[in-house]
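Working notes, beginning with the structure itself.
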Amino acid sequence: GGAATTFAIQKRADVTFEGFRFRSAKPASADTANITASDQAKVRFYDVRFASEGGLAIASTSEAEVTVRASRIGSLTSGARSELRCQGGPMTVENSTLENGLVNGSGWTCRLTVSGNRFESMWDGSVRASSNKLVMEHNLVVRRNGSNDSVSAYGTLPDRTIRFDTFVNA
C-alpha cells in the first residue's frame, strides 16, 4: 500500500495552512492527494513546504477555491514529480518555487492563475491547461532537459493569457 489523503477539506470550510511542512510516503495511487479541497471549500497555503516522494500534493474539485502563495512544492533531489491539480473552481499559485512540480488544470470549471513562480524540472510540462481558463504571467521556467515541453495549453477555450514569462533551457 501507500499513503492516504492527509486532509480532506469540504462543505464550504474555510482553512488556512501557514508554515506547515508536509512530507509523505509514496501515495497509494496517482490520484491519491495529500490534501483535497471540494464542495466550495476555501483553502489557503502560505509558506507551506510539500516535500514528498512525488504524487498529488493538492487536488481541488467541485468549485473549491485554492490559493498557494510563497510556498515550495517538490524537490529536485527526489527525482519524483509533485503535482497541484485543479479540476474545478479557481486555483491560484503565486510567488512559489516548484521543483519537479506541475500545476495541472483540466475541465471547464477550473480557473488557473499561475504568477511570479519559479519552476525547475527535468519533467515534461511545468504547467498544463486542458479545456480550462489560464492566466500565466511573470514566471521563470527552467528546464534541466532542453528537449521537453515547458507549458501545454490545449482545448477550445479562448480565455488564456500567457505573457511576460521567461523560459530557460539549462
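Quantities reported herein were computed from a predicted structural model and do not represent experimental measurements.
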Open item on the list: Is there a side-chain hydrogen bond (donor to acceptor under 3.5 Å, both in side chains) between S75 and T77? Walk through the geometry before answering.
Closed with: CA-CA 5 Å; S75 169; T77 59; 2.8 Å; yes
TODO: Could you walk me through whether F119 and N139 pass side-chain contact (heavy atoms from CB on, under 4.5 Å), step by step?
DONE: CA-CA 8 Å; F119 293 90; N139 297 286; 4.0 Å; yes
Open item on the list: Between Q87 and C110, does the side-chain contact (heavy atoms from CB on, under 4.5 Å) criterion hold? Intermediate values first, please.
Closed with: CA-CA 5 Å; Q87 292 179 300; C110 173; over 6 Å; no
Task: Working for side-chain contact (heavy atoms from CB on, under 4.5 Å), residues I35 and F45 - done: CA-CA 11 Å; I35 297 174; F45 299 90; 3.5 Å; yes
TODO: Tell me, with the steps shown, if R44 and D14 meet side-chain contact (heavy atoms from CB on, under 4.5 Å).
DONE: CA-CA 8 Å; R44 290 165 301 283; D14 192 336; 2.4 Å; yes
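Once rounded to the nearest 0.5 Å, the distance linking OG of S130 with CG of L112 reads 11.5 Å. Atoms OG and CG, on S150 and N169 in that order, are 6.0 Å from each other to the nearest 0.5 Å. Distance check: T109 OG1 to N132 CG gives 9.0 Å after rounding to the nearest 0.5 Å. Rounded to the nearest 0.5 angstrom, M136 CE and T161 OG1 are separated by 12.0 Å. Considering CD1 of I73 and CD of E83, their distance stands at 11.5 Å, rounded to 0.5 Å. With values rounded to the nearest 0.5 angstrom, I9 atom CD1 is found 15.0 Å from Q40 atom CD.
With salt bridges taken as basic N to acidic carboxylate O contacts below 4.0 Å, one links E120 and R118. One finds no salt bridge joining R12 and E65 here, because no Lys/Arg side-chain nitrogen approaches an Asp/Glu carboxylate oxygen to under 4.0 Å.
No donor-acceptor pair closer than 3.5 Å links the side chain of R49 to the backbone N or O of D47. Of the possible polar contacts, none joining the N95 side chain to the R69 backbone as a donor-acceptor pair under 3.5 Å is found. Not one N or O on the side chain of R85 forms a donor-acceptor pair closer than 3.5 Å with the backbone of S106. A donor-acceptor pair under 3.5 Å is absent between the side-chain atoms of S62 and the main chain of S38, judged by distance alone. Looking only at distances, a side-chain donor or acceptor of D165 sits under 3.5 Å from a matching main-chain atom of H138. Side-chain N or O atoms of T36 include none that pairs as donor or acceptor with a backbone N or O of A59 at under 3.5 Å.
Inter-residue side-chain proximity for F50 and I58 is flagged as met; some heavy-atom pair is nearer than 4.5 Å. With a 4.5 Å cut-off on side-chain heavy atoms, E99 and S82 do not count as touching. Residues T5 and T32 meet the side-chain proximity criterion, which asks for heavy atoms closer than 4.5 Å.
Grouping the Ile, Leu, Val, Met, Phe, Trp and Tyr side chains by contacts below 4.5 angstrom, directly or via other members, places Y46 apart from M91. Hydrophobic clustering (ILVMFWY, side-chain heavy atoms < 4.5 Å, transitive): I162 and V135 are in distinct clusters. Both V103 and F167 belong to a single network of hydrophobic side chains, linked directly or stepwise wherever heavy atoms of I, L, V, M, F, W or Y lie under 4.5 Å apart. Note on L98 and V151: same hydrophobic cluster, where clusters join Ile, Leu, Val, Met, Phe, Trp and Tyr whose side-chain heavy atoms are under 4.5 Å apart, directly or indirectly.
When the options V68, L84, V127 are evaluated for a side-chain contact (heavy atoms from CB on, under 4.5 Å) with V114, the one that passes is V127.
F22 and F20 have parallel rings, their planes meeting at less than 30° on a 0 to 90° scale where 60° marks the start of perpendicular.
A pairwise comparison of heavy atoms in S96 and A70 identifies OG-N, 3.3 Å as the closest pair.
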